[in-house]
Amino acid sequence: MTDILPQPDCSLKAVCEPLERCCLDRLEEPGSKRPPNTGARLWGRVRSKLLRQKLDPQTVETKNWHTDVIEMNGIKVEFSMKFTSRDMSLKRTPSKKQTGVFGVKISVVTKRERSKVPYIVRQCVEEVEKRGIEEVGIYRISGVATDIQALKTVFDANNKDILLMLSDMDINAIAGTLKLYFRELPEPLLTDRLYPAFMEGIALSDPAAKENCMMHLLRTLPDPNLITFLFLLEHLKRVAEKEPINKMSLHNLATVFGPTLLRPSEVESKAHLTSAADIWSHDVMAQVQVLLYYLQHPPISFAELKRNTLYFSTDV
């Protein structure tokens, strides 16, 4: 019997490989009849079990650890899980440093760098487009947590070896670093103040009113936020163009990035959060729909937005 304990933040690949190696080792033992792909199949069962627990209202309401064991062909996986509410797992923590980029307002970073889009965003996007745009599951598959932390450290320190490190790093870790940067902004890229308006705008049924509203909201964003958002938007569209190869559609990308770029403030979350299961609420789906709307929209020009002074009332 073999015990394997998956570690927090590990990817599916990182868990399947040791499980599969264990299976192959046992196949070489005299009398072993373990079928191939046992590791992947076993971890598939673990994922299925975790998902069922995650969707169980009783499980998500408890604050205690839940332990379970799944066994297949002589391999046993023991795992523990507990639910962490959205206001804790997605909490934005401003950086206490005077320098660095993670946890620092995007306006501060762009002003310091004298750039329109933060360096970290430009470099991660460039690397993904150079060698990861055809990677299956790009942005969906997690990178190794230690690699992402290493990249975070060098970007925060503005290390001169950043470019060399990026060229040698696993592409999923680079994609994960980009997602982490947006997740750790002191407020989401589309801002706390405009969150209720985005929720109202995406719910409008009249196409013309929705178009006016959604474009007006973009014009209302601070320039660094808007320029960075448009830069990211065009990048994600280019990633989606490779969907037949990377399997990442516009909807998949909106699902990954929507709740990161657009989330209620902590004050608003605490005011409206009635139960832990609210993480699956209408708000989350609306956040995805907001980003999907912009991804499906024809190219949006910063100059065009600024020239257009069409008046919009939220009472529409």
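Please read these numbers as outputs of a predicted model, since none were measured by experiment.
Side chain of Tyr294 to backbone of Met214: a donor-acceptor contact under 3.5 angstrom is found. Here the side chain of Glu184 pairs no donor or acceptor atom with the backbone of Phe102 at under 3.5 angstrom. The closest donor-acceptor contact from the side chain of Arg263 to the backbone of Gln287 lies at 3.5 Å or more, if one exists at all. Between the side chain of Asp156 and the backbone N or O of Val101, at least one donor-acceptor pair lies under 3.5 Å. The closest donor-acceptor contact from the side chain of Asn225 to the backbone of Ile106 lies at 3.5 Å or more, if one exists at all. In terms of modelled atom types and a separation under 3.5 Å, the side chain of Arg122 and the main chain of Val117 share a donor-acceptor contact. A side-chain donor-acceptor contact under 3.5 Å links Glu113 to the backbone of Tyr119.
At a threshold of 4.5 Å between non-hydrogen side-chain atoms, the residues Ile171 and Val128 count as touching. Within the 4.5 Å cutoff, the side chain of Leu261 has heavy atoms near those of the Leu232 side chain. For the pair Leu262/Pro188, no side-chain contact is recorded, criterion being any heavy-atom separation below 4.5 Å from C-beta on. No side-chain heavy atom of Asn252 sits under 4.5 Å from any side-chain heavy atom of Glu243. Thr255 places none of its side-chain heavy atoms less than 4.5 Å from the side chain of Leu292. Taking the side chain as every heavy atom from C-beta outward, Tyr181 and Cys124 never approach each other to under 4.5 Å. Using a 4.5 Å heavy-atom cutoff, the side chains of Phe231 and Lys116 are not in contact. Under the 4.5 Å side-chain criterion, counting only non-hydrogen atoms from C-beta, Arg219 is in contact with Met215.
In terms of heavy atoms, Leu291 sits closest to Ala254 at CD2-CA, 3.7 Å. Nearest heavy atom pair, residue Pro186 against residue Gly103, reads CG-O, 3.3 Å. In terms of heavy atoms, Leu194 sits closest to Leu221 at CD1-CD2, 3.7 Å. Nearest heavy atom pair, residue Leu218 against residue Ile300, reads CD1-CD1, 3.9 Å. In terms of heavy atoms, Ala240 sits closest to Ser249 at CB-C, 4.3 Å. The two residues Val239 and Asn246 come nearest to each other via the heavy atoms O-ND2, 2.9 Å.
Hydrophobic clustering (side-chain heavy atoms under 4.5 Å, transitive across Ile, Leu, Val, Met, Phe, Trp, Tyr) groups Leu253 together with Val290. Using a 4.5 Å cut-off between side-chain heavy atoms of Ile, Leu, Val, Met, Phe, Trp and Tyr, with links allowed through other members, Met169 and Leu164 fall into different hydrophobic clusters. Under a hydrophobic-cluster definition in which Ile, Leu, Val, Met, Phe, Trp and Tyr are linked whenever side-chain heavy atoms come within less than 4.5 Å, directly or via other members, Tyr195 and Val288 are assigned to different clusters. In this structure, Leu163 is a member of the same hydrophobic cluster as Ile174, with clusters built from ILVMFWY side-chain heavy atoms closer than 4.5 Å.
Within the model, atoms CD of Gln289 and CE of Met285 stand 9.0 Å from one another, a figure rounded to the nearest 0.5 Å. The CG atom of Leu230 sits 6.5 Å away from the CG atom of Leu305 when rounded to the nearest 0.5 Å. Rounding to the nearest 0.5 Å gives a distance of 11.0 Å between CG of Asn212 and CG of Leu217. Going from atom CZ of Phe198 over to atom OG1 of Thr220 covers 8.0 Å, rounded to the nearest 0.5 Å. In this structure, CG in Leu178 is found 11.5 Å from CD in Gln123, a value given to the nearest 0.5 Å. Between Leu189 atom CG and Thr260 atom OG1 the span is 10.5 Å, to the nearest 0.5 Å.
Around the NZ atom of Lys105, the shell of radius 6.0 Å holds no more than 12 heavy atoms that belong to other residues, nucleotides or ligands.
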Run Lys237 and Leu295 through side chain to side chain contact (heavy atoms under 4.5 Å, CB included) and show every step you take.
CA-CA 6 Å; Lys237 288 180 180 181; Leu295 286 171; 4.2 Å; yes
Is there a side chain to side chain contact (heavy atoms under 4.5 Å, CB included) between Lys179 and Ile148 once you walk through the steps?
CA-CA 10 Å; Lys179 292 188 294 182; Ile148 294 173; over 6 Å; no
Check against side chain to side chain contact (heavy atoms under 4.5 Å, CB included), Thr177 and Ile120
CA-CA 9 Å; Thr177 302; Ile120 182 174; 4.2 Å; yes
Check step by step if ring pair (Phe, Tyr, Trp, His ring centres under 6.0 Å) holds for Tyr139 and His235.
CA-CA 12 Å; Tyr139 288 121; His235 165 63; 5.7 Å; yes
Show the numbers, then the answer: is there a side chain to side chain contact (heavy atoms under 4.5 Å, CB included) between Asn159 and Met165?
CA-CA 10 Å; Asn159 192 297; Met165 191 172 180; over 6 Å; no
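Checked options Glu135, Glu134, Glu129; the residue passing with Lys242 is Glu134 (criterion: salt bridge (Lys or Arg N to Asp or Glu O under 4.0 Å)).
One finds no salt bridge joining Arg238 and Glu234 here, because no Lys/Arg side-chain nitrogen approaches an Asp/Glu carboxylate oxygen to under 4.0 Å.
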